[in-house]
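Please read the structure below before turning to the comments.
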Amino acid sequence: MYVWIWRRLPGGAPGKLLGCLILLFAVLVLLFKLVFPWAEKRLPFNDVTVDPTTRTTSTPAPSASPTP
Amino acid sequence: MTDLVIESPAGAGHRGEGWRTAARGIGQLLITLGVLILLFVVYELWGTGFYTQAQQHKLETTIQQQWRGGSAPDVSTLPVDNVPLGTGIAVLFVPRLGQHYHFVVVEGTGYSDLQRGPGHYPGTAMPGQVGNFAVAGHRTTYQHPFKDIANLRRGDYIVLETKEHWFTYRIEDIPGANGTTVPWKEIVAPTDVQVAYPVPDQPDPAKAPTLKLLTFTSCHPEYSARERYVIHAMLVADDVKPQLPRALTTKPRS
């Protein structure tokens, strides 16, 4: 996979290196801005509230608050 | 760069080339997945803090402006269901957790509220009111306001700053319903909502409270969501500004 990308990048060794860095940066931005926040909401370890419903969705309804 | 040589046309056609390509592909895929998971851990434990830091800065600026603005009443006089979700309601100080420890408490315990700071359970009492001012906070992510919640001890002070007051709560056992006692520290199931009731740990949520309480909830064990770590405290002082609370001017007992 990485060999395939390396071969298709233009501009000789320096150009390829620059291309790699740009691609790496783009991937990191995509991960940190979109993929990780999306994945986080589907994982349970950020649950800190007491809640009568076992929480599986990202945002509990206001009615799920523990007060009468 | 040896990869380039191996995959060059000169090497094509050799026996086992297909296997080698497949093995290399799988190897690269597994390494990539490993790096992805490591990056996700970095994001959770460290990256999320930047968001909270920026949000806390905004909340702090807004709340200070409101307090100086004059027209808005102190939150301790507001009815509990009259505060918009997502707004800052008080500033939290816990001397045991550090001299500079302070967070703006946000109204609401929804996902996006807790990303911005410790969140007040909607409908529970406001600071200084009769009932239970219940707050949830992250322990490992989003600047982890309750990271060191397990360091809190009986007798420690928790201070809430509002527009006109400093409310000082002390961590201690709480008289519960029917002569029972609610321990200052509890580890409960995630569904045990009674800990945040106006009178904690009693079956009837409608029972009229008489005490001014504060409750913290966070996840337990750390990095898990299996249980909840709970701390209870009782109001011991109400200092009207500009009087400063003793809990903040004296060092915590060691």
Side-chain angles (χ1 to χ4, degrees), chain A, chain B residues 1 3-4 6-7 24-25 28-29 32 36 39-40 42-44 47-48 51 80 85 108-115 118-119 121-124 132 134 136-142 146 188-198 204-206 215 217-219 223-226 228-230:
Chain A
M1 176 170 68
Y2 297 114
V3 174
W4 185 86
I5 294 169
W6 180 263
R7 283 218 203 114
R8 268 148 200 82
L9 285 170
K16 282 171 188 281
L17 203 64
L18 187 71
C20 278
L21 289 176
I22 292 168
L23 278 179
L24 188 71
F25 183 73
V27 168
L28 285 179
V29 168
L30 197 74
L31 285 174
F32 275 73
K33 288 284 173 193
L34 292 173
V35 181
F36 290 161
W38 173 86
E40 180 194 72
K41 289 179 186 165
R42 278 146 190 84
L43 293 166
F45 46 71
N46 273 320
D47 294 352
V48 291
T49 58
V50 284
D51 193 321
T53 57
T54 312
R55 189 147 78 90
T56 47
T57 53
S58 58
T59 315
S63 61
S65 79
T67 41
Chain B
M1 300 308 121
D3 282 347
L4 284 174
I6 292 162
E7 275 214 339
R24 187 170 52 232
Q28 286 182 350
L29 191 72
T32 307
L36 267 181
L39 281 174
F40 182 63
V42 169
Y43 168 78
E44 279 298 311
T48 55
Y51 177 80
V80 291
L85 291 172
T109 54
Y111 195 86
S112 57
D113 304 320
L114 292 174
Q115 284 180 317
Y121 285 87
T124 67
N132 193 357
H138 283 299
R139 198 165 170 194
T140 48
T141 56
Y142 291 102
F146 291 168
V188 301
T191 50
D192 283 351
V193 293
Q194 310 90 286
V195 296
Y197 281 170
D204 178 15
T215 293
T217 72
S218 195
C219 57
Y223 307 105
S224 160
R226 200 173 66 225
R228 297 291 179 270
Y229 199 100
V230 179

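Order of the sequence lines fixes the chain letters, A, B, ..., with proteins taken first and strands second; residue numbering starts at 1 for each chain.
- B/Tyr121 contributes a side-chain N or O that, together with a main-chain N or O of A/Val50, makes up a donor-acceptor pair within less than 3.5 Å.
- The line from NE2 of B/His138 to CG of A/Asp47 is 9.0 Å long, rounded to the nearest 0.5 Å.
- Here the OH atom belonging to B/Tyr43 is positioned 8.5 Å from the NZ atom belonging to A/Lys33, to the nearest 0.5 angstrom.
- Applying the side-chain contact (heavy atoms from CB on, under 4.5 Å) test between A/Val48 and each of B/Pro190, B/Ser218, B/Pro118 identifies B/Ser218 as the sole match.
- A/Phe36 approaches B/Leu36 most closely through the heavy-atom pair CZ-O, 3.7 Å.
- Nearest heavy-atom pair across B/Thr32 and A/Tyr2 is OG1-OH, 2.5 Å.
- Taking all atoms of both residues into account, the shortest heavy-atom contact from B/Thr109 to A/Thr49 is CB-CG2, 3.6 Å.
- Within the 4.5 angstrom heavy-atom criterion, only backbone atoms of B/Tyr223 (N, CA, C, O) approach chain A.
- Here the closest heavy-atom approach between residue A/Phe32 and residue B/Leu39 is recorded as CZ-O, 3.9 Å.
- Contact of B/Tyr142 with chain A is made through the side chain alone, with heavy-atom distances under 4.5 Å.
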Inset, instruction - Before giving the answer on side chain to side chain contact (heavy atoms under 4.5 Å, CB included), spell out for A/Leu43 and B/Glu44 the whole-Å C-alpha distance, their side-chain angles and the decisive distance to 0.1 Å. - result: CA-CA 11 Å; A/Leu43 293 166; B/Glu44 279 298 311; over 6 Å; no
